[in-house]
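Right, one structure below, let's go through it.
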Amino acid sequence: MPVTESASETTRSPLVFPPGFVWGSATSSYQIEGATAVDGKTPSIWDVFTRKEGAVADGSNGDRACEHVERYADDVALMADLGLGAYRFSLAWSRVMPNGGSQVNPAGLDFYDRLIDSLLAEGITPMPTLYHWDLPQALEDKGGWVNRDTAAAFAEYTEAAVTRLGDRISTWTTLNEPFVSANHGYVTGEHAPGRTSMAEGMAASHHLNLAHGLSGERIRSIAPESRLAIVLNFTPVEPATDSEADRIETHHRNNLENRWYSDPIGGFGYPQDSAEHYEWDQSEVLEGDLDIISAPIDLLGINFYSRNIVSADDSYIAPPDTPRNTMGWEIHPPSLGRLLRDLHTRYSFPSFMITENGAAMPDEVREDGRIADDDRLDFIRAHVEQVHSAIEDGVPMEGYLVWSLFDNFEWAWGYGPRFGIVEVDFETQVRTPKKSAEWFSAVAKSNQVTFEEQDHG
Ligand code: IFM
């Protein structure tokens, strides 16, 4: 007898994750910290970019954001209540090394020192990322990522951070989503520093890769016990039609968006046909660079949100019933499972973690004093299911971190899109866990995903 969809949902057995699987959340410095000009911190490119007319949809900036610098102790207590096992955050470079120079600012490092100690006291693993897009403006003034010296400066900054904090960190992440730093920052101009040159974007991409490699060398030498990671974003692409033009365009977009960092790091070098396609002469790639970049990493962090359908002439229009989040991004969980299997097949990285996955949703329904975000809950659960099935297929997945712990400053979109599993009232700074947070907490505490009807009750 056929079972109805809802009956089959309720009768599904739980998905149990391997012992030690890590459940946690992710944030980044500029998006939540606030305190942008205290204790010796100097402006980052985002402090400057947000002041430009029209740069941010709602004219906002990160001056206050979630006031995490002030409220970190309560925030850590909240994570502990939720039963999270890891917290991925980033360090603001210009808090640690004002002006990006060689002078270390102990007062800036004090904040991360306190944060890390509070996390460890609660049994939460701190997972710092050294760079999540907030370059010191002083370095941008010298050419930013287009200037090779920025990669060397990043290694100096790495040394300062790892020397002070490294005794308590088991995994260091160098960069977050370098594709976005190079592309949105230097090619499309929609992110800081707002430049619009393909050639500059290409130079930036190589210097970001080099920065990862040079930073990794310092991490290995100063904290040989800790693991080395990088976090990359992947947006699987599919051609809109079977036409040769669509397939060729898809191929190059895949190389640019999904392989420009993982290929050199994984030892394949840059995709040469696409370098030619994008008219990059590779003059920035000096002898020895690719060896530095391809030194082994211990963990690849994967940020996944959506897929892209590509047509050569940009004519593709998705069917009106395509499910989307409030950013307009298609919701397509099977692309995550496929991506994980493909990455494991192509590269020899020893371990993977979902370091960001989540969705901005309307958050309009309130029940029992909190946002009843069944749509976000469904989104996360559907993606977590894909992770489980990849594990069953032998992909070495070690954890899942939801983006994001809090509603926060969503870059050029300002505070409009809400990605948090915890609601933040930006006037009062009150944090209220949403229904998805309650659900995620139960998953984290039990290490399994259930399919009970009451998940939506
Ligand atoms: O908010 C961002 C984050 O900073 C990087 N990854 C994507 C998120 C959602 O756009």
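For ligands, and for the atoms within them, numbers begin at 1 and follow the listed sequence. Just the heavy atoms: all of them, side chains too, but no hydrogens, waters or symmetry mates, feed the values below. Keep in mind it's a predicted model, so treat the numbers as computed, not measured. One-based numbering along the sequence shown.
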Please check whether N303 reaches ligand 1 - meaning an N/O of the residue sits under 3.5 Å from an N/O of the ligand, judged on distance alone. no

Considering only non-hydrogen protein atoms, determine which one is nearest to atom 8 (C) of ligand 1 and report residue, atom name and distance to 0.1 Å. Y305 OH, 3.4 Å

H191 and ring pair (Phe, Tyr, Trp, His ring centres under 6.0 Å): which single residue from W145, Y30, W46, F179 fits? W46

Residues R227 and T171: side-chain donor-acceptor under 3.5 angstrom: yes

Can you sort out which atoms of ligand 1 are near W411, meaning under 4.0 Å from one of its heavy atoms? 1 (O), 2 (C), 3 (C), 4 (O)

Please could you name the atoms of ligand 1 that E410 approaches to less than 4.0 Å, counting only its heavy atoms? 1 (O), 2 (C), 9 (C), 10 (O)

Distance-only polar pair, side chains of H207 and N147, donor-acceptor under 3.5 Å: no

Does W329 have a heavy atom less than 4.0 Å from any atom of ligand 1? yes

Say whether H132 and ligand 1 are in contact under the criterion: heavy-atom distance to a ligand atom below 4.0 Å. yes

Tell me whether S28 has any N or O atom under 3.5 angstrom from an N or O of ligand 1. no

Could you tell me the residue and atom name of the protein heavy atom closest to atom 6 (N) of ligand 1, and the distance to it rounded to 0.1 Å? E356 OE1, 2.5 Å

Residues D47 and Q137: side-chain donor-acceptor under 3.5 angstrom: no

Is the distance from the ring center of F17 to that of W23 below 6.0 Å? yes

Do S274 and N255 meet the criterion of a side-chain donor-acceptor pair at a distance under 3.5 Å? yes

For ligand 1, which atoms have a heavy atom of E177 less than 4.0 angstrom away? 5 (C), 6 (N), 7 (C)

Check: Y347 ring centre within less than 6.0 Å of F268 ring centre: yes

